[in-house]
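These notes are about the structure you will find just below.
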Amino acid sequence: MTKPMSTSKTELVSYVRKKKITFTLLGLFLIIGILLDLALPWFMMNITNAAVGQETERFMLFFWVGVMILIANVVFSYFDTYLKVYIASYVRNDLRSRTFNHFLKLPLNYFDKNHSGKLGSRLTNDVNLIGDLMGRTSMTLIKSPLIAVVAFVTLLFLNWQLALICGLIGPLTLFVGKVFGAHIRKVTNALQQRMETIVSFVQDTFTGIPVIRTYSLEEKMDREFKDSSDHIHELEMKNGKLQSFMQASSSFISILTFLVAFGIGSYFVIEERMEIGGLVAFIQLLNYIVWPFTGLAHVWGQFQESLAASDRIFESLGEQTALDHFKLQNKVKDFKEIEFVDVSFTYDETKVINHFNFKLEKGTNAAIVGANGSGKSTLLKLILNLYDYDGIIKIDGRNTKDMSFEELLSYFALVPQESFLFPGTIAGNIRLGKEHASMDEVISAAKVSNAMRFIQDLPSTFDYQVGERGNKLSGGQKQRIAIARAILKDSPVVLLDEPTSSLDRESEKVLVKTISDLMENKTTVVITHDLDIIKEADVIIVLQDGEIIETGTHRELIQNKSEYYHLLNSDINANVAI
Ligand SMILES: Nc1ncnc2c1ncn2[C@@H]1O[C@H](COP(=O)(O)OP(=O)(O)OP(=O)(O)O)[C@@H](O)[C@H]1O
Ligand SMILES: [Mg+2]
């Protein structure tokens with residue numbers, strides 16, 4: 001679900017409402033800024049006229065006025081800049097946290113569709129642009145036209161004929177800015193998208209560096225990166241050309257304006273229709289008109305870029321979340337049965353789970369077997385409501401979709417197929433199962449999962465830093481940490497997705513014993529090819545293309561010589577066991 005574009009503006013305005021005092025101060029500073037800008041030509045006019053008229057007293061007076069203008073400008077600049085930086089940083093901080101918090105609650109299929117590099121760009125590049133918009137850019141956009149109008153009115157008073165002549169040339173620049181601005185915006189949007197792609201590409205490359213090394217893909221990756229980088233270069237040059245054209249046209253018009261003003265102004269001075277001081281003030285005031293016309297085009301471009309960024313961010317924030325909040329308390333729930341009623345699920349187009357019906361009673365140990373891609377892992381994700389599916393999964397007759405995530409997740413602990421560790425310590429990673437677990441609890445979970453054996457041998461044992469995604473541990477070690485995490489959570493149902501797949505035979509044996517113990521005390525659903533585990537299961541579910549093709553105990557299924565029997569026969573381990 002996406003929100004309309006106007007949400008973006010409403011959200012930005014809400015920041016103004018939230019920071020009323022700061023924005024009022026900024027408004028006040030805007031007026032002071034304009035007054036100070038006007039004081040300068042006034043000072044220049046008077047001091048020049050005093051010098052030309054050799055009026056020492058007036059000269060001295062304006063000398064001190066100049067000093068005061070200088071001091072006022074310094075003080076004002078400090079506070080004005082500080083306030084703008086403050087408001088930009090406040091908006092960035094708030095938006096960054098809000099967006100990150102929102103991302104955490106989005107349904108899993110959002111992450112299937114959007115690359116993490118792109119999401120990272122929302123939190124960095126886009127957030128920064130919006131900060132700029134709320135601070136510097138918006139103030140410049142308000143101040144420039146205001147001061148241009150005030151300056152123009154003042155010019156009219158100084159010399160209306162000259163003002164009108166110069167005033168005619170000004171709007172030409174605005175036209176130039178408008179024409180180029182639209183093109184520049186298009187190119188910068190394309191650039192932004194390219195940058196997101198390249199960041200995602202770099203992320204994937206470095207994550208996959210072992211594969212790149214072992215398959216000698218360096219050249220291929222380098223080529224792809226270079227193509228991408230070349231494309232960015234092309235876009236930047238396109239942008240550069242537009243900017244140069246715009247700059248040249250603006251320079252032409254602004255210099256022409258000054259030449260005309262100086263030329264006609266000097267003629268007026270000769271004709272004694274204007275004082276020299278008046279001409280000096282006139283030229284300075286002209287700056288305030290010409291600059292907005294030339295410089296504003298650039299700021300306008302930034303403004304458009306920031307608006308596009310805010311549309312992107314608020315579109316993400318408009319995505320429907322799967323969670324309301326994520327405070328998970330470890331309350332252990334008791335239950336009688338979990339029932340799947342006609343559960344079906346499709347990822348994109350292909351049906352992965354097809355009319356799945358099953359009842360899992362408390363204390364039952366179910367094993368799911370099936371070929372790769374038959375939908376086993378997906379089924380566990382559906383139990384946890386990580387994806388939206390058709391049909392109902394009930395716990396004691398209650399639809400789990402009606403439960404809060406907090407309640408639903410308190411029933412389950414999951415050991416996923418691919419163990420994921422966060423950078424940090426071993427203890428920290430195990431503790432993800434139970435936030436405030438004591439060290440004794442962590443150690444005991446590590447012992448039960450048979451992780452203790454390798455942790456003991458590590459240089460700093462439980463304080464060992466596991467590296468990005470746990471890279472500094474072996475696959476089997478990571479798996480044991482993931483199991484320790486699930487044990488620590490101590491939920492009534494444990495879901496294990498191929499828990500022994502990365503383990504050596506010895507660790508596997510120990511773990512099978514651990515899992516058997518778990519099976520005695522808890523309700524378990526285990527996806528496995530390990531015959532020792534399968535044999536202990538109360539019920540084996542044989543899955544094929546998301547459908548149950550048979551259920552029963554090992555003995556029953558073997559006796560029937562059905563699909564399960566054939567599945568095992570194709571497995572070397574199974575041949576030995578049968
Ligand atoms: N995030 C996803 N987006 C789209 N399709 C997916 C996604 N995850 C899995 N699939 C598809 O769904 C099907 C079932 O995948 P699943 O991971 O459930 O299989 P599995 O039985 O666990 O296989 P394996 O034994 O290899 O672990 C596969 O065909 C897979 O391509
Ligand atoms: Mg799987």
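In each ligand, atom 1 is the first atom listed, and ligand 1 is the first ligand listed.
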Handout entry: Polar protein atoms near the Mg ion (ligand 2) [N, O or S; cut-off under 2.8 Å]
Key = S377 OG, Q417 OE1

Fill in the blank from the handout: At under 4.0 Å between heavy atoms, what of D112 touches ligand 1? The answer is side chain

Exercise for the section: Give a yes or no on whether K522 atom NZ has more than 12 heavy-atom contacts from other residues, nucleotides or ligands under 6.0 Å away. Expected result: yes

Handout entry: salt_bridge(K351, D545) N-O dist < 4.0 Å
Key = no

Practice task
Could you tell me whether atom 5 (N) of ligand 1 has a protein heavy atom closer than 4.0 Å?
Solution key: yes

Completion exercise
Among G375, S377, G370, closest by heavy atom to atom 22 (O) of ligand 1 is S377

Problem - Sub-6.0 Å ring centroid separation between Y347 and Y387 - result: yes

Practice task
Using distance alone, decide if ligand 1 has a nitrogen or oxygen within less than 3.5 Å of any nitrogen or oxygen in G373.
Solution key: yes

Exercise for the section: Decide, yes or no, whether a salt bridge links E319 with K113 under the criterion of side-chain N to carboxylate O below 4.0 Å. Expected result: no

Exercise for the section: Please determine if E196 and R122 form a salt bridge, counting it only when a charged side-chain N lies under 4.0 Å from a carboxylate O. Expected result: yes

Handout entry: Nearest atoms (heavy-atom pairs only) where I353 meets L379
Key = CD1-CD1, 3.9 Å

Exercise for the section: List the closest protein heavy-atom neighbour of atom 27 (O) of ligand 1: residue, atom name, distance to the nearest 0.1 Å. Expected result: Q417 NE2, 2.8 Å

Exercise for the section: Check T378 against ligand 1 and report side chain, backbone, both or neither, counting heavy atoms closer than 4.0 Å. Expected result: both

Exercise for the section: Run the numbers for me: atoms of ligand 1, each under 4.0 Å from some heavy atom of V352, listed by number. Expected result: 12 (O), 13 (C), 14 (C)

Problem - N or O contact, N372 vs ligand 1, cut-off under 3.5 Å - result: yes

Handout entry: Non-hydrogen atom of E498 closer than 4.0 Å to ligand 1
Key = yes

Exercise for the section: Kindly indicate whether a cation-pi arrangement holds for K401 with Y389, taking the cut-offs as under 6.0 Å to the six-membered ring centre and within 45° of the axis. Expected result: yes

Handout entry: Over 12 non-hydrogen atoms of neighbours within 6.0 angstrom of CE in M195
Key = no

Problem - Polar contact flag, side-chain donor to acceptor under 3.5 angstrom, S121-Q192 - result: yes

Exercise for the section: Please determine if E407 and R398 form a salt bridge, counting it only when a charged side-chain N lies under 4.0 Å from a carboxylate O. Expected result: yes

Completion exercise
In this structure, atom 25 (O) of ligand 1 is nearest to the protein heavy atom K376 NZ, 2.7 Å

Handout entry: Under 3.5 Å side-chain donor-acceptor pair for T524 and N365
Key = yes

Practice task
Decide, yes or no, whether a salt bridge links K238 with E234 under the criterion of side-chain N to carboxylate O below 4.0 Å.
Solution key: no

Fill in the blank from the handout: Looking at Y347, F111, Y387, the heavy atom closest to atom 8 (N) of ligand 1 belongs to Y347

Problem - F345, portion touching ligand 1 at heavy-atom distance under 4.0 Å - result: neither

Handout entry: Per-atom contact, atom 30 (C) of ligand 1, protein heavy atoms, under 4.0 angstrom
Key = no

